[in-house]
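First the proteins, then the strands, lettered A, B, ... as listed; each starts at 1.
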Amino acid sequence: MNSINVDAIRDDFPILSQPHPSGRPVVYLDSGASAQKPRAVIDAISDCYSGYYANAYRGVYYFGSRVDDALEGTREKLRELLNAEEVEEIVYTSGSTMSINLVARGWGLKHLKPGDEILLNVMEHHANLVPWQMVAQRTGAVLKYLPLTLDGRLDLEQLPAMLTPRTRLMAVTGMSNVLGTIVPLDEIIPLCHQNGTLVLVDGAQIVPHSQLDMRALDIDFLAFSGHKFYGPSGVGVLYGKRHLLEEMDPVFGGGHMIDQVFLDHSTWAEIPAKFEAGTLPIGPIVGLGAAIDYVSGIGFEAIHRHEQELLYKAHRVLSEIPGLTILGPDVEHKGSIVSFTIEQLHPHDIADWLDRRGIAVRAGHHCTMPLHEHLGIHASTRASFGMYNTLDEVDLLAEALEYTLKKHHLPA
Amino acid sequence: MNDDRYEDLYEEYILPHFEDPYNKLLIQAPTCQHSARNPLCGDTVTLQLIIGDDNKIEKACFDGNGCAISQAGASILCEKIEGMTVEELESFSAEQMLELLKVPLTSTRQRCGLLGFKVLKTILYSRDGEKLSASTES
């Protein structure tokens, strides 16, 4: 059972040794917002632009064919990562948000009738709420919300009752970006499928930290982003079962997604091209391929074990801070995200004081306004871990929080 | 600005206004009132003004919820503007407001610090609008 060498990993990430205005070492605890990039990813992108760049799928010449190999090579890596059946089921997008919007419009506008139901829940990120609101407005479909338990998990006991003959799709996160809750997809998906309900998984948080198997879980649609996967921003993935993608209308029209173009109409290309209008984010896709290689090289299991250690320690030391409440469930139900509130201390002030000590955390509503409303708070502070974080950094976080309390004349 | 200097300024200016705010109360019949929210984090400020016949701010008070910078900013603003005329307020700039806060702020936190100021400016522009429409009617 191998464990990761965090020091070696940290050396791979140039930004972690950047000087910080505070004069202190960089302690980056915001990988949930976006992960830092290893040199292998940075170099892969740079190598593409300096060594073999050209537009994709159009070049008969040497550079063009090398780019095509790189793009399709990454597509195959993604297929393998997700254990998708076919490479055509992997669509490149600009990110999770665009992936979800593609399904909401491409599938939703075509298939939703007035009174049809979309099942959501209040802990979803706005990316997995707003597109459904928009499509419900246009189609007359109705949004339903599966309740949460008191400790911030989906209340699965209520799921059977909420799966009605009209429930066409359930959109659910694999892991809450605020509560850290890991959603038991292996329990939910069979129930949904028995009811004839499709399942779209927002994989933005879970995919970088835990390998998901599309076939074992029988996932219908999955969205995730390159930039949370230690890869570049500007690229994401939509996985969809072949027959579902084939039944969908394209959302963006233009070059590459067509078969033939006439004056008054066009015919569509096969999947995945049908959903890849225009020029793909070539550099970012190359970077994403390098990111997958990098993460796979270290090993998901080993990374996961390390992040669990960080999570357990964080729960332990933060629970000892007076006035601090950790949001969400117990560690057994969580991934490596710890969001919290501190009495009489606003998240902005916390984040500011922590920044002065070189520590980056996120403050605000984290694109989950309904969740914060549900929790009865305006904002929270979030620390989220990646493979490069250390147990010492968890101590630094706790010390900085105690310091902030003292500066605000609060008991520490 | 080094750590100690920042912390001294924070201790001297921001915290006192946050812990013991100036005129944090709402009155029954202000001359004008407005509220604003910072959508990024839910900071809120409600500002009330009593404006005398001489166009001077007789009283400025506020209520709100949020980070130390936004609430201290509102308190500092109220303390500053009492006694000023409406004309003076109209030329009171965001830079001047930020100077009152003393501590250096990133652009994100400047939004917190300027929340009360933004409410004030909205009040002043709305009043101008009312005055304009009143004069066109008469």
Side-chain angles (χ1 to χ4, degrees), chain A residues 20-25 30 33 126 130 178 323 339-382 399-412, chain B residues 1-21 24 35-46 62-76 97-98 101-119:
Chain A
H20 187 271
S22 67
R24 295 167 187 262
D30 200 22
H126 296 165
V130 179
V178 173
S339 300
F340 56 90
T341 57
I342 301 184
E343 279 164 29
Q344 298 183 72
L345 209 45
H346 192 278
H348 265 182
D349 297 319
I350 296 172
D352 211 347
W353 280 101
L354 261 48
D355 178 47
R356 301 196 64 77
R357 299 172 82 83
I359 302 173
V361 294
R362 186 143 290 252
H365 55 62
H366 319 291
C367 293
T368 57
M369 282 195 206
L371 175 62
H372 281 73
E373 174 83 26
H374 170 80
L375 294 171
I377 54 179
H378 291 295
S380 56
T381 310
R382 179 185 73 186
E399 280 163 28
L401 289 173
E402 278 159 3
Y403 188 78
T404 306
L405 282 167
K406 286 208 199 85
K407 283 285 128 182
H408 271 250
H409 306 148
L410 295 167
Chain B
M1 181 174 291
N2 70 26
D3 270 350
D4 290 335
R5 182 88 189 103
Y6 177 90
E7 294 190 9
D8 288 342
L9 287 174
Y10 198 90
E11 181 90 30
E12 274 176 55
Y13 291 102
I14 302 293
L15 278 178
H17 276 279
F18 185 54
E19 292 169 350
D20 188 22
K24 185 167 180 177
S35 300
R37 234 182 103 246
N38 182 340
L40 289 176
C41 61
D43 290 340
T44 58
V45 168
T46 302
F62 84 99
D63 197 6
N65 234 300
C67 66
I69 299 291
S70 71
Q71 302 305 301
S75 167
I76 289 168
M97 178 70 217
L98 290 173
L101 290 169
K102 302 270 192 243
V103 292
L105 298 171
T106 60
S107 53
T108 310
R109 298 239 60 205
Q110 280 175 15
R111 253 175 264 154
C112 304
L114 291 173
L115 187 58
F117 174 85
K118 182 175 129 175
V119 177

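Heavy-atom contacts from other residues, nucleotides or ligands closer than 6.0 Å to CZ of Arg356(A) number more than 12. Around atom CD of Glu12(B), more than 12 heavy atoms belonging to other residues, nucleotides or ligands sit under 6.0 Å away.
For an aromatic pair to be called close, the ring centres must be under 6.0 Å apart, and His126(A) with His365(A) satisfies this.
A donor-acceptor pair is defined here as one N or O able to donate and one able to accept, closer than 3.5 Å; no such pair exists between the side chain of His408(A) and the backbone of Leu410(A). Of the possible polar contacts, one joining the Ser339(A) side chain to the Val178(A) backbone as a donor-acceptor pair under 3.5 Å is found.
When side chains are defined from C-beta on, His348(A) counts as touching Cys112(B), because their heavy atoms get closer than 4.5 Å. Taking the side chain as every heavy atom from C-beta outward, Asp30(A) and Val361(A) never approach each other to under 4.5 Å. Side-chain contact between Tyr13(B) and Phe18(B) is absent, with no heavy-atom pair separated by less than 4.5 Å.
For the 3.5 Å distance criterion, the side chains of Thr368(A) and His366(A) fail to qualify, holding no donor opposite an acceptor.
Contact annotation for residues 369-376 of chain A against chain B (heavy-atom separation below 4.5 Å, listed by residue number): Met369(A). Below 4.5 Å, heavy atoms of chain A meet heavy atoms from Gly66(B), Cys67(B), Ala68(B), Ile69(B), all part of residues 62-71 of chain B.
Options Thr106(B), Asp43(B), Thr108(B) differ in how many heavy-atom pairs under 4.5 Å they form with chain A, and the most are formed by Asp43(B).
Note that Arg357(A) lies in the cation-pi zone of Tyr403(A), set by a 6.0 Å cut-off to the ring centre and a 45° limit from the axis.
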